[in-house]
Amino acid sequence: MEEDNKLIEERREKLKALRAAGQAYPNDFVRKDFAKDLSDAYGGKTKEELEKAAVRASVAGRMMLKRVMGKASFATLQDGSGRIQAYISNDVTGENDHEAFKHWDLGDIVAVEGRLFKTMKGELTVNAEKVRLLAKALRPLPEKFHGLTDHEMRYRQRYVDLVMNPQVRDVFLTRTKVIQSIRETLAAEGYLEVETPMMQPIPGGAAARPFKTHHNALDMDLYLRIAPELYLKRLVVGGIERVFEINRNFRNEGISTRHNPEFTMLEWYCAYEDWQYMIDLTERLVRAAADKPTVTYQGRELDFGKPFARVTIADAIRRQGIEGDLRDRDFLASRLKSLNVELTKEHGWGALQLMLFETVAEKHLVQPTFVTDFPAEVSPLARRRDADPELRRPGGDVLRRRLRARARVRHAALRRRRHRHRPAGDAAHGQPEHP
RNA sequence: GGGUCGUUAGCUCAGCUGGUAGAGCAGCGGACUUUUAAUCCGUUGGUCGGCGGUUCGAAUCCGCCACGACCUACCA
């Protein structure tokens, strides 16, 4: 229930009057022009050129600003492409319509038809011969100068955020473009896109707390999936040798700006390839998704054009000037202690090596970089490296490599997972058993 | 989870060492025919997040609770 306040009540009264006078929400207006197109085409013309050209325009949008000056007024309309100014006057628009316009509110959807001209200050403006109120807004917009800044309100009322902060539209556009690009790249490489069950009897494919729900007809509990992995693998078993899914997963865990209980994830699987292929394909996906070779993010230029660097965890650590046996638990433990990192006896050399990497090396990986050879201890689902058996203690092994650098910018909501083989001994490592 | 800060009008925010609530914008009324957050005059609007305590007196001090932001650790 909305609480009524005087501003909304005032607008309701206006709407009531509109209804009494006829159709309050007309839908017969034909919008012919976008603000940005007009600005692109005529913004560079001089006042005289525009006058001679006598260009007619028909625009509509949300009224963001309004300046009433007696016998003439200005309004700033915002449409899906940008903003354009309208001039409403007794002379051209007519006194009756201008008087009506004076009582319209910021936030109303307004249509204007007329000739383009430039004001004394040089702003491209539609000189309204006709002005219509297409939709009355009942709720007031946030303050016109400061806008909507409260973070909670921006996220809870994304539509208001979009109205007041048009740059957030770019976030939506970028996300859609990235996903489209990924679809195109994978399709071109012979992958089939599928959708697998979201409600699963046993939530598998990752270690995470699930949401629980209940199917009445079957009288059975089901879980919202935490990953599509197991179903995608079954499709591979069934003969769909290259398959992917971009879809929601649900994890009943912490919430932050980086962690949403429901988030979109990309997973793909393919037969007859190894981890090197997966790295290469990942690189192709990211490069294609970046619409230009270099991207500036937070003041740093990131180069997606040249081949991505590849480095093992151990080499990344050594580059920070650390010499020693990086598979020696005591050595790693002493280095970590000197860096004030807390550790326990449960941590083996693999976990410690990863901790050391995260402490000293990861922050230096700014450009797109593949980090390889994660210790088996911290890669429970990954296949062990054939070339590095290390009898006593499965060494090197790879498997997990994450796309570092700021590649995650472009994938704000996307994460990829690679083809994984079930390890022989999750439980033995103290990890939860993955079904 | 830990730390810091915050919650006052529809929006953005002031409000000092406690004295009983303010501005701008929005709204309403008026002036104004090239404005740009238009300007000028007048005016409506508040359970100061909630509960309790201290006090003659609490937006202000104290306690608890709720909600939120930022930093930090972990999960994608």
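What you see is a predicted model; the values in this text were computed from it and never measured. So that the names make sense, note that chain A is the first sequence line, chain B the second, and so on, each numbered from 1.
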- Query: Side-chain donor-acceptor pair under 3.5 Å between A:Tyr269 and A:Glu267, yes or no?
  - Reply: yes

- Query: Considering only the P atoms, how many Å lie between B:C41 and B:G57, rounded to the nearest integer?
  - Reply: 42 Å

- Item | d(CZ, A:Arg12; C1', B:G27) in whole Å | 16 Å

- Query: What about A:Ser89, does its side chain sit under 3.5 Å from the base of B:U33 through a donor-acceptor pair?
  - Reply: no

- Atom CG of A:Leu7 and atom C1' of B:G46: how far apart are they, to the nearest Å? 13 Å

- Item | Out of B:C32, B:C11, B:A76, whichever nucleotide has its closest atom nearest the side chain of A:Pro142 | B:C11

- Item | Euclidean distance, atom NE2 of residue A:His103 to atom C1' of B:A26 [Å, nearest integer] | 16 Å

- Item | P gap between B:G49 and B:G10, integer Å | 13 Å

- Task: Any strand is fair game: report the nucleotide pairing with B:U43 by Watson-Crick or G-U wobble, both distances under 3.5 Å, or none.
- Result: B:G27

- Scan every strand shown for a Watson-Crick or G-U wobble partner of B:C75, both distances under 3.5 Å, and answer none if you come up empty. none

- C1' spacing across the pair B:U8 / B:G46, given as an integer number of angstrom: 8 Å

- When we call it a touch if two heavy atoms are under 4.0 Å apart, what does A:Leu65 touch: a base, just sugar-phosphate, or nothing? sugar-phosphate

- Task: Check A:Arg225, A:Arg248, A:Arg251 against A:Glu262 for a salt bridge (Lys or Arg N to Asp or Glu O under 4.0 Å) and give me the one that passes.
- Result: A:Arg248

- Query: More 5' along RNA chain B: A:Lys14 or A:Met120, using each one's nearest nucleotide?
  - Reply: A:Lys14

- Message: Nearest to the A:Ala72 side chain among B:U33, B:A26, B:C11, which nucleotide is it?
- Response: B:U33

- Query: What is the distance, rounded to the nearest whole Å, between atom CE of A:Met355 and atom C1' of B:C74?
  - Reply: 12 Å

- Query: Hey, are the side chains of A:Arg310 and A:Ile279 touching, using non-hydrogen atoms and a 4.5 Å cut-off?
  - Reply: yes

- Message: What is the distance, to the nearest angstrom, from the CD1 atom on A:Ile8 to the P atom on B:G45?
- Response: 18 Å

- Using the P atom as the reference point in each nucleotide, state the distance between B:G42 and B:U47 in Å, no decimals. 26 Å

- Message: Between B:U7 and B:C28, how far apart are the two C1' atoms, rounded to whole Å?
- Response: 29 Å

- Message: With the criterion set at under 5.5 Å between ring centres and under 30 degrees between planes, would B:A76 be stacked on A:Phe263?
- Response: yes

- Task: Using the side chain to side chain contact (heavy atoms under 4.5 Å, CB included) rule, take A:Ile313 and A:Gln353 through it: C-alpha gap first, then chi angles, then the decisive distance, then the call.
- Result: CA-CA 8 Å; A:Ile313 284 200; A:Gln353 189 190 79; 3.6 Å; yes

- Task: Using the P atom as the reference point in each nucleotide, state the distance between B:A66 and B:C51 in Å, no decimals.
- Result: 15 Å

- With both distances under 3.5 angstrom, what nucleotide forms a Watson-Crick or G-U wobble pair with B:C56? B:G19

- Check whether the side chain of A:Thr119 and the base of B:U36 form a donor-acceptor pair under 3.5 Å. yes

- Derivation of the side chain to side chain contact (heavy atoms under 4.5 Å, CB included) call for A:Leu77 and A:Arg83: CA-CA 5 Å; A:Leu77 304 185; A:Arg83 292 185 171 195; over 6 Å; no

- Item | Distance-only donor-acceptor test, A:Asp91 side-chain atoms vs B:U33 base atoms, 3.5 Å | yes

- Ignoring hydrogens and angles, does a donor from either the side chain of A:Tyr87 or the base of B:U33 sit under 3.5 Å from an acceptor on the other? yes

- When the distance from CE of A:Met63 to P of B:U35 is rounded to whole Å, what number comes out? 19 Å

- With C1' as the reference atom in both, quote the distance from B:G6 to B:U20 in angstrom, rounded to an integer. 24 Å

- Atom-pair distance (NZ on A:Lys47; P on B:U35), nearest Å: 10 Å

- Establish, with yes or no, whether the OP1 or OP2 oxygen of B:U35 is under 4.0 angstrom from a side-chain nitrogen or oxygen of A:Arg67. no

- Message: Would you measure the distance from the P atom in B:A21 across to the matching atom in B:G2 and give it in whole Å?
- Response: 39 Å

- Task: Assess whether atom NZ of A:Lys14 is packed by more than 12 heavy atoms of other residues, nucleotides or ligands within 6.0 Å.
- Result: yes

- Query: So which one's nearest nucleotide on RNA chain B is more toward 5', A:Glu123 or A:Trp104?
  - Reply: A:Trp104

- Has A:Lys121 got a side-chain N or O lying under 4.0 Å from the OP1 or OP2 atom of B:U34? no

- Item | Separation of atom CZ in A:Arg11 from atom P in B:C11, rounded to whole Å | 13 Å

- Would A:Arg175 and A:Gln180 satisfy side chain to side chain donor-acceptor pair (under 3.5 Å), going step by step from the backbone distance to the final call? CA-CA 9 Å; A:Arg175 185 195 137 97; A:Gln180 273 173 357; over 6 Å; no

- Between B:U35, B:G10, B:C28, spot the one nearest the side chain of A:Glu10, thanks. B:C28

- Return the nucleotide paired to B:C67: Watson-Crick means purine N1 to pyrimidine N3 with N6-O4 or O6-N4, wobble means G-U with N1-O2 and O6-N3, both under 3.5 Å. B:G6

- Under 6.0 Å between ring centres, would you say that holds for A:Phe250 and A:Tyr223? no

- A:Asn90 has its side chain closest, among B:C32, B:U33, B:G10, to B:U33

